[in-house]
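As the structure lists them, so they are numbered: ligands from 1, and atoms in each ligand from 1. Each residue takes its place number in the sequence, starting with 1.
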Amino acid sequence: MIEKVKHRSFYTRALEIFMEEYRQNLEEKGEFSVAFSGGNTPKPLFGMIAREDVDWSRVHVFIVDERYLPPDHKDSNYNHLYEELLSKVDIPPKNVRYVKHMESLEMSRLEYQYEVEKFFREKGEGFDLILLGMGIDGHTASLFPDNIHMEDLVVPSLEGDTHKYSRISMGIECINKCRKKVFLLGKNKKEVLEELGHIRYPAAYVKGDVRFVLEV
Ligand code: 6PG
């Protein structure tokens, strides 16, 4: 489903969706799990969520993908989420899982995959909500044509011509286990979204309850 939202209401609508999912899951099962993507689009939303009345002791936060960088690096997705949201709310550290910067990309991948697998096993399902973005090349998370078919829950994504830094990313299997997938797309993503219907971009592999919120 594509929801076209005027620029002035785009982030308000994104916040509404987040809070709807939070409230519904708290009502249903007393907790809520959400995975946040990086990139520029979601940053203003993080600060808005920080100002909401949320019982953070019942919220589990994951990172969708991460550059292979220390968590305090200026380009780290976790760092952006921490600065804009996590540092401003009273969330128990055990409720936040992020990619640890270990001695190798593979060690970081394996450690994060262990955290994701453990959570899925304990809850018997994927995350309640995953917030995704999409590049103008049709990538999502850090999934590009060369790693979209990997089976692991968490996959490596090596630095390429289109993207700086090697990364660790939730794989398409992991993303598709999530109950609700919401793409937040700035107005510059209109064309790539239209192409998604007939070009097998990585983002086209996201299936299930998928919603595209497009700024117009
Ligand atoms: C990342 C994101 C990535 C992002 C898209 C769109 O780590 O960069 O996970 O998939 O969502 O590149 O980025 P923008 O929101 O900045 O356009």
Those residues at least two apart in sequence (or on a different chain) that pass ring-ring contact (aromatic ring centres under 6.0 Å, His included) with F127 are F62, F119, F120

Just to be sure I read this right, does ligand 1 sit under 4.0 Å from the backbone of K189, its side chain, both, or neither, counting only heavy atoms? side chain

Under-4.0 Å heavy-atom contact with ligand 1, by part of N188 that carries it: neither

Pick from K189, H7, K190, K187: which one makes a side chain to side chain donor-acceptor pair (under 3.5 Å) with E215? H7

Name the closest protein heavy atom to [atom], giving the residue it belongs to and the distance to 0.1 Å.
{"atom": "atom 8 (O) of ligand 1", "value": "R67 NH2, 3.3 Å"}
{"atom": "atom 12 (O) of ligand 1", "value": "H139 NE2, 2.8 Å"}
{"atom": "atom 10 (O) of ligand 1", "value": "A141 O, 2.6 Å"}
{"atom": "atom 11 (O) of ligand 1", "value": "G133 CA, 3.2 Å"}
{"atom": "atom 4 (C) of ligand 1", "value": "G38 O, 4.0 Å"}
{"atom": "atom 6 (C) of ligand 1", "value": "M134 O, 3.6 Å"}
{"atom": "atom 16 (O) of ligand 1", "value": "N40 N, 2.7 Å"}
{"atom": "atom 13 (O) of ligand 1", "value": "G39 CA, 3.9 Å"}

Step by step, would you call Y78 with E66 a side-chain contact (heavy atoms from CB on, under 4.5 Å)? CA-CA 7 Å; Y78 171 77; E66 183 58 280; 3.3 Å; yes

Expected list for residues 86-96: side-chain donor-acceptor pairs under 3.5 angstrom, two or more places apart:
from, atom 1, to, atom 2, distance (Å)
S87, OG, Y82, O, 2.7
S87, OG, E83, O, 3.2
N95, ND2, W56, O, 3.4
N95, ND2, S57, O, 3.2
N95, ND2, V59, O, 2.8

Has the side chain of T140 got a donor or acceptor atom that lies under 3.5 Å from a matching backbone atom of G133? yes

What are the two closest heavy atoms between G30 and R58, and how far apart are they? O-CD, 3.0 Å

Verify the ring-centre separation between H101 and Y68: is it less than 6.0 angstrom? yes

Output the list of atoms in ligand 1 that are nearer than 4.0 Å to some heavy atom of T140, sorted by atom number. 10 (O)

Show the atoms of ligand 1 that are less than 4.0 angstrom away from any heavy atom in D65. 1 (C), 2 (C), 7 (O), 9 (O)

Residue that, paired with D128, satisfies side-chain contact (heavy atoms from CB on, under 4.5 Å) out of E28, K29, E21, K123: K29

